[in-house]
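Right, one structure below, let's go through it.
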Amino acid sequence: MATLRVQPGAIVQVLGWDEAFVGVETADPEAYARRIQQGVLDRTRLHCSVGIGDTLVRAKVATGFGKPRGVFRLTAENWLEVMGDRPTIELWGVGSKISRRLAGLGVTTVAELAEADPDALVAEFGPRMGPWYAELGRGDGSAVVDDTPWVARGHSRETTYQQDLTEPSQIEAAVRELAAHVLDDVAAEGRPVIGLTLKVRYAPFVTKVFTKKIPSTSDRAVVVERALELVGRMDPDRPIRLLGLRAEMPMPDDAREGHTPTRGGW
DNA sequence: TCTGGGGTCCTAGGACCC
DNA sequence: TCTGGGGTCCTAGGACCC
């Protein structure tokens with residue numbers, strides 16, 4: 001990320017541990033991309049691929065065509081030519097479930113999604129997601145790279161146990177352990193806890209979550225108590241394969257307004 | 001495929017209020 | 001006693017991404 005940030009004119013929006021958008025205006029994006037790759041290689045000895053696009057979605061999808069170590073450009077001009085005949089699951093944000101539901105509407109390719117009846121999409125996926133999928137099919141959307149530092153909504157820990165938990169004492173100890181880690185992460189940000197989610201995976205891989213809003217607190221003991229209360233909602237008779245605990249934190253005022261998340265559309 | 005960990009966001013339904 | 005309409009908040013579940 002540091003290497004990206006020193007590129008001339010670059011605005012960097014981190015997407016994950018190893019991925020970022022770089023917003024830049026340049027007459028020769030391929031040359032710019034090659035310079036980024038060289039810079040990253042020099043500094044980290046890691047290769048990367050670069051996608052160039054006129055929207056965030058197109059740039060993101062383009063990185064896939066760049067792999068390995070390459071550069072690929074995807075714009076309004078060649079989007080349908082490159083993506084049109086491909087299955088919808090290749091879109092960023094369409095997974096196995098959504099692609100199957102789209103198929104149920106007679107939409108199997110990106111081109112078909114791009115031309116799909118908006119009303120049908122809204123009826124199937126709702127007023128937000130419906131239009132968003134249509135936009136995705138066209139590769140449209142925001143082209144704004146936002147370098148506002150990410151503010152986490154929450155922190156969580158989960159553990160899959162080598163042996164299923166069955167005893168209440170084991171379960172309580174496990175939750176306390178998870179809570180300790182989560183609280184460390186939360187405390188590192190100096191923000192209180194306003195909600196908890198207990199995740200449980202029972203023996204044959206059945207997963208449930210229990211959530212609870214709590215009065216804002218930074219008191220570790222209080223958070224642990226609230227977490228243990230959630231344990232009471234679990235089925236006491238089923239062996240437990242996994243437990244997880246997530247703490248939700250309030251958003252600072254200046255981080256709440258402004259950038260809308262991935263799905264709503266940039 | 002017999003299945004890890006850390007995240008985010010959206011939707012539906014129920015409770016509750018005016 | 002039964003019934004409208006609009007709104008918010010909370011919880012559970014679902015889906016996706018790296």
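All values below come from the heavy atoms of this structure, side chains included, with hydrogens, waters and symmetry mates left out.
Using a 4.0 Å heavy-atom criterion, one finds that R201(A) contacts the sugar-phosphate atoms exclusively. At the heavy-atom level, L91(A) lies under 4.0 Å from the strands shown only through sugar-phosphate atoms. Backbone-only contact: K60(A) has heavy atoms under 4.0 Å from sugar-phosphate atoms and none from a base. Using a 4.0 Å heavy-atom cutoff across all strands shown, G154(A) reaches sugar-phosphate atoms only and no base atom. Here R157(A) lies in heavy-atom contact (under 4.0 Å) with sugar-phosphate atoms only.
Minimum atom distance to the side chain of R153(A) is reached by dC9(B), of the listed dC9(B), dC18(C), dG5(B). Closest to the side chain of S156(A), out of dG5(B), dG7(B), dC18(C), is dG7(B). Proximity note for K213(A) (side chain, C-beta onward) versus dC18(C), dG6(B), dC10(C): the nearest is dC10(C). When distances are taken from the side chain of W92(A) to each of dC10(B), dC17(C), dA15(C), the shortest belongs to dC17(C). For R233(A), counting side-chain heavy atoms from C-beta on, the closest listed nucleotide (dT11(B), dT8(B), dT11(C)) is dT11(C). Comparing dT8(B), dG5(B), dT11(C) by their nearest atom to the side chain of T159(A) picks out dG5(B). Closest to the K212(A) side chain, of the nucleotides dC9(B), dT11(C), dG13(C), is dT11(C). Residue P127(A) has its side chain nearest to dT11(B) when only dA12(C), dC18(C), dT11(B) are considered. Looking at the side chain of R128(A), the nearest of the listed nucleotides dC10(B), dC9(B), dC18(C) is dC10(B).
Side-chain atoms of T55(A) come within 3.5 Å of backbone atoms of G139(A) as a donor-acceptor pair (strictly under, hydrogens ignored). R241(A) places a side-chain N or O within 3.5 Å of a backbone atom of A203(A) that can act as its donor or acceptor partner. Using a distance-only test at 3.5 Å, with no hydrogens or angles considered, no donor-acceptor pair links the side chain of D54(A) to the main chain of A143(A). W79(A) contributes no side-chain N or O that, together with a main-chain N or O of G84(A), makes up a donor-acceptor pair within less than 3.5 Å.
Of all nucleotides present, only dC10(B) satisfies the Watson-Crick or G-U wobble test against dG13(C), with each distance under 3.5 Å.
For the pair E158(A) CD and dG7(B) C1', the interatomic distance rounds to 10 Å; values are reported in whole Å. A straight line from CE of M249(A) to P of dG7(B) spans 8 Å, rounded to a whole angstrom. Here dG14(C) presents its C1' atom at 12 Å from NZ of K208(A), a figure rounded to the nearest Å. If you measure from atom CZ of F125(A) to atom P of dA12(B), you get 12 Å, rounded to the nearest angstrom. One atom, CG of L15(A), and another, P of dC9(B), lie 13 Å apart when rounded to the nearest Å. One interatomic measurement links the two molecules: CZ of R246(A) to C1' of dG13(C), which rounds to 15 Å at whole-angstrom precision. In this structure, the CH2 atom of W17(A) is 10 Å from the C1' atom of dG6(B), given to the nearest Å. Distance CZ (F205(A)) to P (dT1(B)): 14 Å, rounded to an integer number of Å.
On the P atoms, dC18(C) is 24 Å away from dT3(B), given to the nearest whole Å.
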Using the side chain to side chain donor-acceptor pair (under 3.5 Å) rule, take T217(A) and D219(A) through it: C-alpha gap first, then chi angles, then the decisive distance, then the call.
CA-CA 5 Å; T217(A) 180; D219(A) 186 323; 5.3 Å; no
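No donor-acceptor contact under 3.5 angstrom links the side chains of T26(A) and D28(A), judged on distance only. No side-chain donor from either of R35(A) and Q38(A) sits under 3.5 Å from a side-chain acceptor of the other.
A sub-4.0 Å separation between OP1 or OP2 of dG7(B) and a side-chain N or O of H155(A) is present. Considering only side-chain N and O atoms, W132(A) lies nowhere under 4.0 angstrom from the phosphate OP1 or OP2 of dC10(B).
Along DNA chain B, the nucleotide closest to L242(A) and the one closest to G130(A) are compared, and the more 5′ of them pairs with L242(A).
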